[in-house]
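Data first, discussion second: the structure below is written as structure tokens.
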Amino acid sequence: MNNIDAIGHVTGQSVYLDDIPLQEGTLHALAFGSDIANGKIISLDVQTAENFSGVIKIFTAKDIPGENRIGGIIDDEVLFARDEVLYIGQPIALIVAKDDYSARKARKLIKVTYEEREAITDPREAKEKGLLLFPPRTFESGNIEDAWSKCDHVFEGRADTGGQEHLYIETQGAYVYPLENENLKVHSSTQGPTVVQKTIARVLGLPMHRIEVSVTRLGGAFGGKEDQATAWACMAALASRKLHKPVKISLSRPDDMVMTGKRHPYSSDFRIGLTKDLKILAFETTLFQNGGAATDLSPAIIGRSLFHITNSYHIPNVRATAYSCKTNLPPFTAFRGFGGPQAMFVIEAAIAKAAELLNIPARIIQEKNLIKENDVFHYGQTAKNVHAAKSWREVLNQFQVENNTKEIEDFNAQNPTVKKGLAMMPVCFGISFTKIPMNQARALIHIYQDGSVGVSTGAVEMGQGVNTKLLQIASQFFSISPAKVKIETTNTTRVANTSPTAASSGADLNGNALLDACDKLLLRLKKTASKTLKTDIGSIEIIDEIVFVSGKATSLKWKKLIETAFLDRVSLSAVGHYATPVIYFDKTVEKGRPFAYHVYGTAAITAKLDCLRGIYSIEKVQIVHDFGNSLNLMIDLGQVEGAVVQGIGWMTMEELRFSKKGELLSNSLSTYKVPDIYAAPETIECKALETEGPELAVLRSKAVGEPPLMYGIGAYFALRNAIRAFNPEAHIGFDAPLTPEKVLLSLYSVTKVAGTM
Amino acid sequence: MISFILNDKLIHTDKPAGMALLDFIRNEANLKGTKSGCREGDCGACTVIEGQLKNGKLIYGIIVSCLTPLGNIHGKHIVTIEGINMETPSPVQTALVEHNGTQCGFCTPGFVMSLTAFLLSDEHGFEKAREAIDGNICRCTGYKSIERAALEISEMKSGLQAGDKLNRLEQNGFIPVYFLSIPDRLKKIQSNREESHEGKLIIGGGTDLLVQQPDEVFEGKAKFLRRNRTNNGITFRSDFCSIGGEATVADIMQSEVLQQYFPKLPYYFKLISSTPVRNMATLAGNLVNASPIADLSIFFLALNADVHLTGENHNKRTVPLRKFFIGYKKLNKTDNEIVEKIFFQLPDENTYFNFEKVSKRQYLDIASVNSAISLKIKNNVIVDAHVSAGGVSPIPLYLKTASAFLINKEINVENIIKANTIAQKEISPISDIRGSADYKRLLLRQLTFTHFIEFIPDKISITKLLQTIKI
């Protein structure tokens with residue numbers, strides 16, 4: 001089934017936040033942010049700006065009726081800076097004007113004086129100075145101290161990964177207008193309508209029920225609108241509430257890039273120990289997460305880093321410690337993979353380092369250490385339905401990796417200036433929010449008198465196709481035409497207390513809640529049918545909108561059945577609820593069963609490098625992925641391809657750069673490069689592993705949003721292998737992204753150029 | 001008053017000539033299908049089709065509406081996504097749906113417009129269909145599904161019977177019927193709009209000014225140069241070529257005569273921005289922008305071109321391009337002078353020319369370093385040489401000493417290495433977002449080497465060059 005939104009998209013009729021028809025008198029809001037990364041605000045003068053033609057009012061921290069606090073996990077973030085600023089772009093004031101142009105002009109007239117303090121942008125430096133957002137966490141298994149002496153080889157190193165802009169093409173925004181009785185209606189481009197609702201209530205000092213948050217769809221999010229859509233909605237709500245006017249805020253691209261958080265940069269130290277037959281016996285690592293100026297979702301993200309620090313491998317002795325370091329950069333936030341990619345890069349770097357020093361291909365070590373059924377992860381969960389080795393073998397077989405490797409060797413021998421490299425990248429990713437209470441969802445179904453069905457859940461559509469999957473679930477469960485089902489907007493008045501659509505869990509949680517609601521309704525309908533047809537309920541089935549009794553079609557059709565039920569005063573509405581069973585985690589010992597299941601897969605990635613110019617392309621990405629029993633393979637394959645390219649972008653060209661003073665240098669699309677059509681791999685082949693799928697995945701169709709992003713990590717190592725084919729002595733730090741600059745400098749082993757030319 | 005046809009509707013508007021077309025489309029015409037993504041021409045979400053009469057023929061191409069001032073669309077046909085919607089989806093729209101080429105959908109209208117413009121163009125084949133979407137960024141799909149749709153669309157196009165293009169496309173449901181009336185309707189629009197703006201900013205294509213100073217342009221501080229051009233401004237006389245300042249990058253790239261002299265021209269120019277921006281950006285704009293990495297400046301420096309300037313009272317003056325740039329963003333040009341044209345000698349059969357550009361992303365990016373070379377060879381000896389390099393100095397740099405060194409030299413490994421050593425002394429790269437100074441030095445060396453390796457690969461190789469350096 002095609003994505004149900006596709007026709008709207010290709011005709012330009014799909015409605016995004018910026019397209020919502022504006023009410024008369026709508027005002028436009030623009031945030032004013034700090035020019036410095038660290039300091040005290042000495043004075044703030046908004047008077048001249050407020051007097052500028054077209055400006056209605058300028059709001060600052062003192063105008064907030066409730067709490068000037070928007071932090072979710074830890075209460076350390078303000079809506080507007082009042083006494084001190086902690087990063088460049090941190091909102092200090094909100095200009096509300098009759099149009100964007102006036103607001104933009106007025107913004108230049110706001111005057112702030114600061115007492116500037118030294119900015120800290122490096123996580124290791126922050127850690128040295130004791131600047132942590134929250135206490136460190138350590139995951140430990142086996143006995144790491146004893147293990148080192150049993151290792152035949154021990155290698156140490158450092159691995160760094162840069163941040164990543166979400167670069168959703170639709171920037172952040174919100175549109176808020178007053179309803180009667182002092183209620184507010186909020187349209188927000190958010191993955192988390194409840195977070196927005198709760199935080200607005202807090203900022204305005206109102207109960208949650210006065211705030212209605214509605215989301216139709218997002219123009220991309222990738223985690224960037226999980227927590228960081230909230231501030232903009234709060235600002236628009238504050239202005240709307242105070243002025244009794246509709247207020248819209250829609251960030252310009254530069255504002256969005258400067259003011260919002262991104263994927264966390266990490267810097268890590270590692271130590272890996274192997275036996276002589278290449279079993280990884282011990283792995284120790286310290287992660288320094290660059291958290292930015294406030295906590296945001298960093299504790300959960302660092303948690304997932306610790307969970308995924310061994311990727312697809314079973315390592316009996318592990319110690320991983322993670323520090324979330326407070327720096328003067330925008331609070332870093334959720335981004336597809338949520339700390340997993342950064343951790344997996346560390347273990348892959350450790351394996352690559354070991355392989356290079358042992359002079360063997362990394363894939364020999366990788367393959368030897370893949371996790372097996374009933375192995376225990378370092379956090380205590382027993383691995384079940386493991387497909388690490390299976391997907392690995394399938395990649396080798398289906399894509400003739402051995403042959404490809406030989407072809408690459410021949411190619412490299414024949415071509416002095418073009419080199420190829422291949423790397424394998426296995427992925428094992430846990431599914432569930434690691435914060436257990438978040439693993440719940442609800443769904444509301446109305447069956448209307450004519451037999452058509454409206455479905456509301458807490459899931460937010462952002463391109464991942466969750467609405468299509470939900471529609472399929474309802475239509476399949478009732479066995480009615482997809483045309484009879486409509487997926488409603490996500491609205492806090494219909495489905496309350498929702499978890500954000502995140503952690504790849506949107507379809508699992510909301511789909512299971514929907515199934516629960518469907519189940520309740522179907523039972524009622526079967527009762528009606530059995531009453532009407534005077535037969536026992538157990539013999540009733542509905543197939544293709546026809547009621548069957550003991551396998552025989554009757555004349556009772558869906559539409560008539562609904563009509564009958566309604567006349568019989570049966571409730572045609574139901575709420576479904578789902579809470580993922582069996583998962584638990586004890587943080588005091590950092591052990592438990594945090595994940596409902598794991599997603600497995602393996603990719604082989606081939607890179608092609610022009611050694612004259614230091615530019616490269618990713619030639620092939622060949623994947624075997626475990627979808628379980630996919631609900632919609634077309635949508636799932638789309639998720640794989642998109643995630644892979646996003647992962648490759650993060651590893652190769654997307655270079656987030658800040659100056660030492662904390663200023664974002666890569667602050668536009670001309671300085672921050674995401675893959676374009678030519679940068680995408682020449683081919684991406686993805687084959688589905690034939691598996692049954694776990695019970696805890698909705699209809700055994702596994703979550704798919706995040707795991708494939710990590711295949712992109714293979715591009716880094718493929719490219720690295722290509723560099724080494726040209727220059728075996730190349731010193732290439734494990735420092736992603738591997739940009740054309742780093743590539744060229746390593747190809748020619750240049751550390752200092754002047755004088756050697 | 002600016003008049004143009006927006007989809008099927010004739011528009012007369014007195015909105016400021018400096019208003020971005022995107023704002024007109026979304027806020028004045030209330031057509032919300034065209035999206036705002038970056039407002040710097042780098043994402044393509046706001047792509048629309050522009051149709052204009054050239055020598056009586058209606059030519060369609062894509063532009064980014066965020067960087068197009070209304071003043072530049074007088075007398076043209078602008079097509080947004082709403083303007084190609086019909087009762088049933090067009091084959092372009094269907095192909096994107098069937099191949100799952102849309103996820104969040106925000107970039108999708110831009111892709112639909114680019115692919116529809118491909119149908120309206122004279123181009124054929126998958127590579128050209130892919131090139132049509134080289135200015136569209138999608139963050140969700142990873143492009144492969146869109147490529148599959150583009151392949152199908154290119155095959156459909158090749159399957160169309162010969163004949164009048166618009167008629168054929170209309171009959172096969174690719175475009176709405178009103179397109180057929182556009183040529184006649186455009187002819188009725190007064191071709192020369194009264195120009196009342198005498199601002200200080202001179203606008204060509206708008207692709208830089210609307211990024212850097214959109215509010216100033218909106219406020220009427222701009223003077224519009226672009227009139228309805230009837231030809232591409234490229235003329236040839238004996239061995240010389242003259243290119244008008246208003247010629248777009250696309251005009252130069254697509255010139256069949258220039259392609260005969262520079263067979264790799266399409267390849268070189270594909271490295272410059274994207275299809276829609278190439279359709280808008282002008283030669284003069286690229287030169288007077290004075291950016292140290294301006295691709296056209298580097299290209300024409302190696303051709304030792306002359307710049308013809310026209311000032312007040314039609315005073316004319318000629319400056320060699322290599323003396324046109326006098327400091328960072330400083331030109332040998334008064335505020336009143338405009339670049340009328342450039343003039344250069346065409347390469348003959350003894351001339352070797354090459355252009356190289358390396359950026360973080362190979363396409364649709366700004367160079368870290370770019371370089372061009374033109375060598376005239378007689379009896380294995382270089383008799384004339386011009387080498388240029390961008391990104392290594394405050395100005396687009398003509399490598400004077402290195403060029404002079406190469407004259408009367410044989411092409412061999414030693415001389416190439418010496419030329420590079422000399423070039424390294426001429427440059428003064430700085431570390432910035434495009435790369436560290438060390439990288440830029442190394443990159444210039446590599447591009448210098450590459451010029452020669454590309455020229456005579458059997459004689460010059462990187463291995464030989466590196467060995468000789470080590471000795």
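Within every chain, numbering begins at 1; the chains are lettered A, B, ... in the order of the sequence lines, protein sequences first and strands thereafter. Values in this document were obtained by computation on a predicted structure and should not be read as measured data.
- When B:G105, B:C43, B:G135, B:C107 are compared by the number of non-hydrogen pairs under 4.5 Å with chain A, B:G105 comes out ahead.
- If you measure heavy-atom distances from B:Q362 to chain A, the contacts under 4.5 Å come from the side chain alone.
- Note on B:V369, B:T141, B:V112, B:I133: by heavy-atom pairs under 4.5 Å with chain A, the leading option is B:T141.
- Salt-bridge annotation for A:R613 and B:E454: present, with a side-chain N of the basic residue lying under 4.0 Å from a carboxylate O of the acidic one.
- Heavy atoms of B:E356 lying under 4.5 Å from chain A belong exclusively to its side chain.
- Relative orientation of the A:H166 and A:F335 rings is parallel, given thresholds of 30° and 60° on the angle between their planes.
- Using a 4.0 Å cut-off between charged nitrogen and carboxylate oxygen, A:K469 and A:D636 count as a salt-bridge pair.
- Contact annotation for B:K270: only side-chain heavy atoms (C-beta onward) come within less than 4.5 Å of a heavy atom of chain A.
- The choice from B:L447, B:T34, B:L443, B:T463 that makes the most heavy-atom pairs within less than 4.5 Å of chain A is B:L443.
- Both tests do not hold together for B:R148 against B:Y143: distance to the six-membered ring centre under 6.0 Å, angle to the ring axis within 45°.
- For a residue to count as touching a neighbouring chain, one of its non-hydrogen atoms must lie under 4.5 Å from one of that chain's; by this rule B:F218 touches chain A with the side chain only.
- Salt bridge B:K357/B:D365: absent, no basic N to carboxylate O contact under 4.0 Å.
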